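Quick notes on the structure that follows.
These numbers come from a predicted model, not from an experiment.
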Amino acid sequence: LNFSKISKNFVPAAHCLDFLFENASLSFTDIQILIGRHNLQNESETNWIMRSVIEPIISKAYFLQTDSSDGDIVILKLNESIAFNDFINPICLPRPDVNVFDLMGTVVGYGKSESLSNHEITPKYVEIASVSQEVCLLSDKGKLARMSSNNTFCAAGRGKSPCKGK
């Protein structure tokens with residue numbers, strides 16, 4: 001894969017920033033990004049860096065939807081570059097002309113677990129295959145129909161979830 005070893009952008013899921021729109025006194029420039037951090041309670045970790053957000057490039061599709069996860073991505077321009085290393089790696093997104101169905105990928109996040117109301121201390125991850133929209137919708141028409149669109153791809157595996165981990 002070809003990618004730059006240095007970046008000034010950070011790409012989280014847009015829903016991770018919903019709190020900014022619920023609190024009028026906060027703005028994107030109030031955000032500090034901890035990149036390379038693993039255990040959020042381990043103060044002795046040293047392989048991470050902190051960056052500030054200069055401005056967002058927002059997916060208007062996500063923020064204009066009320067009952068959809070369409071376009072659930074935002075690009076945050078940072079005040080300083082990020083140098084990739086063993087602890088900080090870029091995300092890899094497919095080109096639009098690449099068929100990703102049946103390819104394995106890794107879903108990672110600190111989101112709320114399915115049994116807890118608090119966010120995780122360490123990230124959960126799961127290796128999971130991407131599937132077609134048709135296969136995805138057949139598994140759960142109600143919930144997945146609201147989350148699925150031509151701008152998304154679906155990952156599926158019986159009993160697997162990024163909230164549960166592997």
Here the gap from Phe10 atom CZ to Ile75 atom CD1, rounded to the nearest 0.5 Å, amounts to 12.0 Å
Under 3.5 Å, is there a donor-acceptor pair between the side chain of Glu80 and the main chain of Arg51?
-> no
Taking only residues two or more places apart in sequence, or in another chain, which ones meet Ile121 in a side-chain contact (heavy atoms from CB on, under 4.5 Å)?
-> Asn39, Gln41
Smallest heavy-atom separation, Phe28 atom then Pro56 atom, equals CD1-CG, 3.4 Å
Side-chain (Asn79) to main-chain (Ser52) donor-acceptor, under 3.5 angstrom | yes
Between Ile33 and Leu78, is a side-chain contact (heavy atoms from CB on, under 4.5 Å) present by the stated rule, with each step listed?
-> CA-CA 9 Å; Ile33 306 291; Leu78 304 178; 4.1 Å; yes
Can you name the closest pair of heavy atoms from Val53 and Leu76 and give their distance?
-> CG2-CD1, 4.0 Å
Side-chain contact test, heavy atoms from C-beta onward, threshold under 4.5 Å: evaluate it for Lys77 versus Asn9 and give yes or no.
-> yes
Are any side-chain N or O atoms of Thr29 and backbone N or O atoms of Ile54, one a donor and one an acceptor, separated by less than 3.5 Å?
-> no
Flag side-chain contact, heavy atom, 4.5 Å: Val126 against Thr106 | no
Sorted by chain and number, sequence neighbours left out, side-chain contact (heavy atoms from CB on, under 4.5 Å) with Asn47 holds for Phe87
Run the side-chain contact (heavy atoms from CB on, under 4.5 Å) check on His38 and Thr122 step by step: do they pass?
-> CA-CA 6 Å; His38 179 76; Thr122 58; 4.0 Å; yes
Look up atom CD1 in Ile35 and atom CG in Asn89, then write down how far apart they are to the nearest 0.5 Å.
-> 12.0 Å
Measuring from Asn99:CG to Ser132:OG, what's the distance to the nearest 0.5 Å?
-> 9.5 Å
Who pairs with Leu34 by side-chain contact (heavy atoms from CB on, under 4.5 Å), at least two apart in sequence or on another chain?
-> Arg37, Trp48, Met50
